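Beneath this line is the structure, given in structure tokens, with notes to follow.
In what follows, chains are A, B, ... by sequence order, proteins preceding strands, each numbered from 1. These numbers come from a predicted model, not from an experiment. Reckoned from all heavy atoms, side chains included, excluding hydrogens, waters and symmetry mates.
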Amino acid sequence: MDPQYNPQAIESKWQKRWEAGHLFDAEPEPDSARKKYYVLEMLPYPSGDIHMGHVRNYTLGDALARYKWMQGYNVLHPIGWDAFGLPAENAAIKHQRHPSEFTFSFIDRMRGQLKRLGLSYDWRREIATCVPEYYRWNQWFFLRMYKRGLAYRKKSRVNWCPLCETVLANEQVVNGCCWRHEDTAVVERDLEQWFLKITAYAERLLIDMKELRGGWPERVLAMQENWIGKSKGTLVDFEIEQLGEPVRVFTTRVDTIYGCTAVLLAPGHPLVEKLIATSPHAGSLREKVERIKASSTALPARVGDEANPEKLGAFTGFTARNPYSGESVPVWLANFVLMEYGTGAVMAVPAHDQRDYEFCKQYGLPIPQVIAPLDGGAADLSQGAFSEYGRLMNSGPYTGLTSEDAQARMTGEAEAKGFGKGTTQYRLRDWGISRQRYWGTPIPIIYCSKCGVVPVPESDLPVVLPMNARFTGRGASPLAEVADFVNTICPKCRGAARRETDTMDTFVDSSWYFYRYTDPKISTAPVSQAAVKYWFPVDQYIGGIEHAILHLIYMRFFTKVMQDINLVDFSEPVARLFTQGMVIKDGAKMSKSKGNVVDPTQMCARYGADTVRLYMLFAAPPERDLEWSDAGIEGAARFLNRVYRVVAKHVGALGTVQTRVSEGDSESGIVGREPTPEERRLLLKVHRTLRHVSEDMEERWHYNTDIAMLMDLVNEIGDLDPAIETGKIQASCLKMSIEVLVRMLSIFAPHIADELWESLGHDEPALKTFWPKYNAALAQEDELEIPIQINGKLRGRIRVARDAREDDIVRMAQAEEKAAQYLSGKAVIKTVYVPQKLVSFVVK
RNA sequence: GCGAAAGUGGCGGAAUUGGCAGACGCGCCAGACUUAGGAUCUGGUCCCGCAAGGGGUGGGGGUUCGAGUCCCCCCUUUCGCACCA
């Protein structure tokens, strides 16, 4: 009667033991030769914000064993904090209670989910011990930046999510919607906000990408480059003739300026108010402005609009003078001109810019050509703008120059005559960190009626959250209503003062928390310089693609700030980045609204966590998305079943046989005689598999191929019964093979592996024992099979000894039966021999 | 429009530096054991062909003794950004 594999019983048994025995609690041994891994988020499952951080020094086997299933340091992971904080605060608002009550229940629920997946992570311990320290050092960073002018406050139009009741950073606005509420349109509000001056680092963020090329995925770098959005161009002042005042435009194509037929203003441009005030038709102009504003394509709330919405404009009645040609052009309002980019005003050159072309065509403005194609052909302006570089025409003194030359000279003229200058624009905007929420680090600023804005002295940190806040869910931060918190004393004049009530974006925490992991207990500085010196830059960082322009750009920014305040001596924190895929269903990311959610808890209850994990790892390489298939997981379940049966069958006979695998032994395990061919074959397979898995763990992480090889090995061992019965395979050799198999399996399916490992007579969990070394000699065949190609086609194969000489091999190949047929009567003009790979003849 | 990634059996995917295309698994077909099978085991499964053999990695060209892999052109899909002047 075969023993039955019962995943539920095995998994609950081992989870209890691991927890009791603190499986992963060992401190790392410093050893600079080993790789340092940092894993942000590895569970390829989108249903929860299951984020885990880890910095550890690994031996090879442990590295990837723990890669997915880690226990954190005694440090709060602030992103996880955020993931719990938001729903907790929403629940607090609903039930009029304190969010901490809900936080812990969320954490426990998440913990339950983690446990079912075989993860052990003590959030509660971490949060309880680490929050005040985190606040302290977030505030410390803020104050350092404030001193350097990198943190500033300004009234600003912000993106506001009506559902979160809070401000969002630009990066958190996705298609005009909140990043958390994908179908809630973001609206605009004017609020006093705190900003971090990330724009001061735009150029360095761009330049330092050189260091990242090769180590980071190209698409992440492309997304960041795009987000920073550098472009070189020229600022030019047009004079509004009726006001005698300049309006400044930004253009990357100053060479086309003789073709300018209008100046276009964004409806929110500061000059617009003045135009209204001066206009003889003020009433109708204001009406026009309002109409254009309402249709502005720059509104963040444009949800689900087509990619190219209708252009709308209105003539203001004013004209502007082109400083190059002296020509007068009309000043228009246009809904597609963005206030947020450049100067909020542009020159319209319809012949050479597609947007201007469409606009001018619609409103009947002229379309004069000033650039001719370089190839001497004619530009067809009836279909659209000619927007390439070319040679200038109808451009006064610049006629005949190439676009490049003209740009340089014309910018020079503007600078010489004082009506403009060359400039570089970035799309990147400063990082608004103010949040009107309870849940976050309080911004350490005090407002005094006498002294103004006063930073909290470092010695008074941390400013912590009051426990007695009320949660109304309306308007400003809940902190604003807590008198004990708000009312304070000015550190300068000791008079009555008020605290800032906004809290920080949690992305501030995540910008540097991975430094803290290297020494979570240091109390005199945010990070320990010695620990950072040892651990950084991180060799390998792993996380989802969704952080490409959020977390991954903020953390680069923070590192540069840390470099500037001499906290670190490098500018890029992460040498290599790996973005793993996620589980998708029906071709799309799972979401409740789409109803395509696969519940991991249910799957684990049905098949066991080992099976679920094994399937997720087997069905696709880690960087690729995995389409969930219910049929596919059956195969994983069958495999573990087979492993269990195959191993359990031999356990009785092997339990007392001694091997030294647990000490990293790599010998054949055979005593008293030479290996039989059957043993040789088994050992070959075992050590080949071990070599593949070992090497793959180090570099490629294609777990799917590792598991495929394990399946192969299990099939092989399963077929050994006749050889075992006839004594052709010694017990110690078989046991060693099974032990290596189980040890490799423990990386992917730890519960079943530990169960089998124990049944083989081991006390410690498999993950805690040595990783076996593969034996290069055993992983090599004595005989090689060499294919023979004739004129590039496969014509035969020969078996040769591993150490056979080239001329012998070639002679054998020529003699091979089939090859000989193809060679007879032909002249061999060329012979190619690739050592240990193939023989190739070219014949005529 | 700009940028990135990717196109291999019925499906997920292997093929690490140019060297036997389709490992491993799913599905399917046939069989065995069974009162039974949604359990287990055995064999088969890229296409054409009885066979010998031929063809085959989105399409077309090129380099090479040899191309899924390198180069050029084209097509398709996915993702990111997008009236950014």
Listed pairs under 3.5 Å, donor-acceptor, residues 256-270 of chain A side chains, sequence neighbours left out:
residue  : atom : partner  : partner atom : Å
A/Thr256 : OG1  : A/Arg253 : O            : 2.8
A/His269 : ND1  : A/Leu271 : N            : 3.0

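- Applying a 4.0 Å cut-off to non-hydrogen atoms, none of the residues of residues 260-268 of chain A approaches RNA chain B.
- Applying the salt bridge (charged side-chain N to carboxylate O under 4.0 Å, His left out) rule to A/Arg797 yields the partners A/Glu785; only residues at least two apart in sequence or on another chain are considered.
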Could you write out each protein N or O paired with an N or O of nucleotides 64-70 of chain B at a distance under 3.5 Å?
residue : atom : partner  : partner atom : Å
B/C65   : OP1  : A/Lys830 : NZ           : 3.0
B/C65   : O2   : A/Ser840 : OG           : 2.8

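- Under the rule for a salt bridge (charged side-chain N to carboxylate O under 4.0 Å, His left out), A/Arg219 has no partner lying at least two apart in sequence or in another chain.
- Under the rule for a salt bridge (charged side-chain N to carboxylate O under 4.0 Å, His left out), A/Glu634 has no partner lying at least two apart in sequence or in another chain.
- An anti base is found at B/G66: its glycosidic angle is more than 90° from 0.
- Applying the side-chain hydrogen bond (donor to acceptor under 3.5 Å, both in side chains) test to A/Glu783 and every residue at least two apart in sequence or in another chain returns A/Arg799.
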> Under a cut-off of 3.5 Å for both distances of each Watson-Crick or G-U pair, what dot-bracket string does RNA chain B give, using [ ] for crossing pairs and | for inter-strand pairs?
Replying inline: (((((((..(((......[....)))((((((.......))))))(((....)))..(((((..]....))))))))))))....
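- With sequence neighbours left out, the salt bridge (charged side-chain N to carboxylate O under 4.0 Å, His left out) criterion links A/Arg642 to no other residue.
- A search for side chain to side chain contact (heavy atoms under 4.5 Å, CB included) contacts involving A/Val800 returns A/Leu784, A/Ile786, A/Ile798, A/Ala804, A/Ile809, A/Met812, not counting sequence neighbours.
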Pairs: protein N or O with nucleotides 53-56 of chain B N or O, under 3.5 Å:
residue : atom : partner  : partner atom : Å
B/G54   : OP1  : A/Arg795 : NH1          : 3.4
B/G54   : OP1  : A/Arg795 : NH2          : 3.3
B/G54   : OP2  : A/Arg795 : NH1          : 3.3

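- Residues from residues 383-390 of chain A that place a heavy atom under 4.0 Å from any atom of RNA chain B: there are none.
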